[in-house]
Colleague: 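After the structure tokens below, expect a handful of questions from me.
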Amino acid sequence: MAGLGLGGVALLVLLTGCDVGQTFHGFGWPQGGISPESKRMYDLWIASCIAALAVGVFVWGLIFWCVVRYRKRGNALPVQTRYNMPMEFLYTIAPILIVSVLFYYTAIVQTDVDKLSKNPDVTVEVVAFKWNWQFNYRDGQGTEARTTASTLGTSEVIPVLVLPTNRSIRFEETSRDVIHSFWVPELLFKRDVMPGKIRNVFEVSSLDAEGAYVGRCAELCGSYHAFMNFELRVVSPEKYDQFLAAKQAGKSTQDALTEIGEQPYAGTTQPFDTRRTQDNFNPDHAPARTGS
Ligand SMILES: [Cu+2]
């Protein structure tokens with residue numbers, strides 16, 4: 001009964017999840033996901049919270065009812081109900097049902113988020129290195145595919161990853177040195193970028209809102225980890241095609257962005273000023289008695 005009830009509640013909330021979530025600020029979960037996958041994860045979270053609250057309210061009710069109804073009235077020993085088999089049975093079955101229902105919905109959403117298609121519309125190779133990003137637009141999938149255009153971040157210029165709306169996108173990740181993690185908060189998703197032969201791959205079935213979104217490295221990878229940012233720029237498919245053609249014709253990312261009427265530089269984050277000079281960086285060159 002508890003499992004069925006929870007399932008019903010979860011289903012109900014899945015249908016109306018967004019509204020309930022908005023009312024309670026997502027129960028702490030970030031709002032404003034821009035992919036169908038992010039919306040499903042968000043709905044799962046909201047439904048789980050509602051289910052947990054329903055169970056919580058029920059249990060609190062029982063506790064308070066017992067406190068009031070069976071409070072101490074005299075010195076007589078109250079009725080002892082240990083080894084009540086139906087109750088023991090209920091204590092065991094109810095949690096199993098609850099966990100099963102949560103597991104069921106989690107498995108469905110997780111499988112959906114991890115799903116890979118045969119022929120995604122766009123494949124981009126994400127190359128991470130200390131401490132920046134390179135984005136390679138590929139003509140196919142896997143290591144056999146060729147790079148047709150590339151964007152490389154530097155200390156002075158934040159790399160801008162331009163992607164279209166309404167197309168499925170595959171991200172293929174590889175690292176040149178240590179473990180990094182590719183994270184765009186609006187995708188409500190991050191995945192480790194591994195060095196060596198491991199090629200982590202994930203897909204979004206579409207990006208639903210044009211705009212500029214900051215992207216970050218979410219795995220502690222060294223001194224400038226916190227400043228290893230990029231920008232995801234989601235544009236219309238037409239603009240994306242123009243951008244890619246301009247890149248393939250040999251234009252710089254900034255020129256190609258200007259050509260499609262977009263801001264040439266990232267607006268959501270900026271390059272980190274290391275404040276390194278010969279004096280403060282290399283102790284050998286530091287003036288006397290200034291410390292290292
Ligand atoms: Cu990193």
Side-chain angles (χ1 to χ4, degrees), residues 28-30 32-35 37-38 41-42 110 113-114 116 120 122-138 141-143 145 147-163 169-204 207 211-234 243 247 252-254 256-257 263-277 280-282:
W29 189 277
I34 55 168
S35 67
E37 286 80 5
S38 68
M41 286 186 275
Y42 175 80
Q110 184 179 320
V113 168
D114 272 339
L116 296 177
V122 175
T123 300
V124 60
E125 183 182 49
V126 173
V127 184
F129 58 93
K130 288 198 264 186
W131 286 279
N132 223 308
W133 303 88
Q134 181 173 15
F135 301 112
N136 297 327
Y137 297 90
R138 310 279 277 177
Q141 290 82 49
T143 46
T147 294
T148 62
S150 182
T151 291
L152 175 66
T154 67
S155 302
E156 284 77 40
V157 180
I158 295 282
V160 180
L161 170 59
V162 180
L163 289 174
I169 294 150
R170 176 192 294 232
F171 298 86
E172 300 189 350
E173 303 176 338
T174 180
S175 166
R176 289 282 177 264
D177 36 48
V178 297
I179 303 175
H180 301 273
S181 182
F182 178 88
W183 180 36
V184 177
E186 275 76 9
L187 295 180
L188 305 190
F189 188 87
K190 51 180 108 154
R191 178 147 284 174
D192 277 7
V193 186
M194 315 292 278
K197 288 217 167 95
I198 302 167
R199 209 170 163 83
N200 271 350
V201 176
F202 73 95
E203 285 183 21
V204 292
L207 296 169
Y213 309 95
V214 68
R216 303 184 190 283
C217 175
E219 182 73 64
L220 182 57
C221 58
S223 307
Y224 295 103
H225 153 71
F227 306 100
M228 192 174 155
N229 293 348
F230 60 95
E231 181 171 292
L232 169 65
R233 192 79 64 83
V234 183
F243 170 83
K247 281 292 291 177
S252 73
T253 301
Q254 272 60 48
L257 277 168
Q263 289 295 325
Y265 292 97
T268 55
T269 181
Q270 51 195 353
F272 174 57
D273 174 14
T274 63
R275 299 200 195 99
R276 273 180 175 177
T277 66
N280 69 19
F281 175 56
N282 190 338

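Here, residue 1 is the first one in the sequence, and each next residue gets the next number. We count ligands from 1, going down the list as the structure has it; atoms in each ligand are counted the same way. This one's a predicted model, so the numbers in the text were calculated from it and none came from an experiment.
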Colleague: Does atom CZ (Phe189) have a neighbourhood of more than 12 heavy atoms from anything else shown, all under 6.0 Å?
Modeller: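 Yes, enclosed.
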
Colleague: Donor-acceptor pair, distance only, cut-off 3.5 Å: does the side chain of His180 make one with the backbone of Glu219?
Modeller: no

Colleague: Which residue pairs pass the salt bridge (Lys or Arg N to Asp or Glu O under 4.0 Å) test with at least one member in residues 176-189, sequence neighbours excluded?
Modeller: none

Colleague: Please list every donor-acceptor pair under 3.5 Å in which a side-chain atom of residues 122-129 meets a protein atom from a residue at least two apart or in another chain.
Modeller:
{"unit_1": "Thr123", "atom_1": "OG1", "unit_2": "Gln141", "atom_2": "NE2", "d": "3.1"}
{"unit_1": "Glu125", "atom_1": "OE1", "unit_2": "Asn136", "atom_2": "ND2", "d": "2.8"}
{"unit_1": "Glu125", "atom_1": "OE2", "unit_2": "Arg199", "atom_2": "NH1", "d": "3.0"}
{"unit_1": "Glu125", "atom_1": "OE2", "unit_2": "Arg199", "atom_2": "NH2", "d": "2.9"}

Colleague: Which residues and atoms, protein N, O or S only, are under 2.8 Å from the Cu ion (ligand 1)?
Modeller: His180 ND1, Cys217 SG, Cys221 SG, Met228 SD

Colleague: Taking Tyr137 for its side chain and Val162 for its backbone only, find out whether a donor-acceptor pair lies under 3.5 Å.
Modeller: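 Yes; at least one donor-acceptor contact below 3.5 Å.
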
Colleague: Among all residues two or more places apart in sequence or in another chain, which pass the side-chain hydrogen bond (donor to acceptor under 3.5 Å, both in side chains) test with Asn200?
Modeller: none

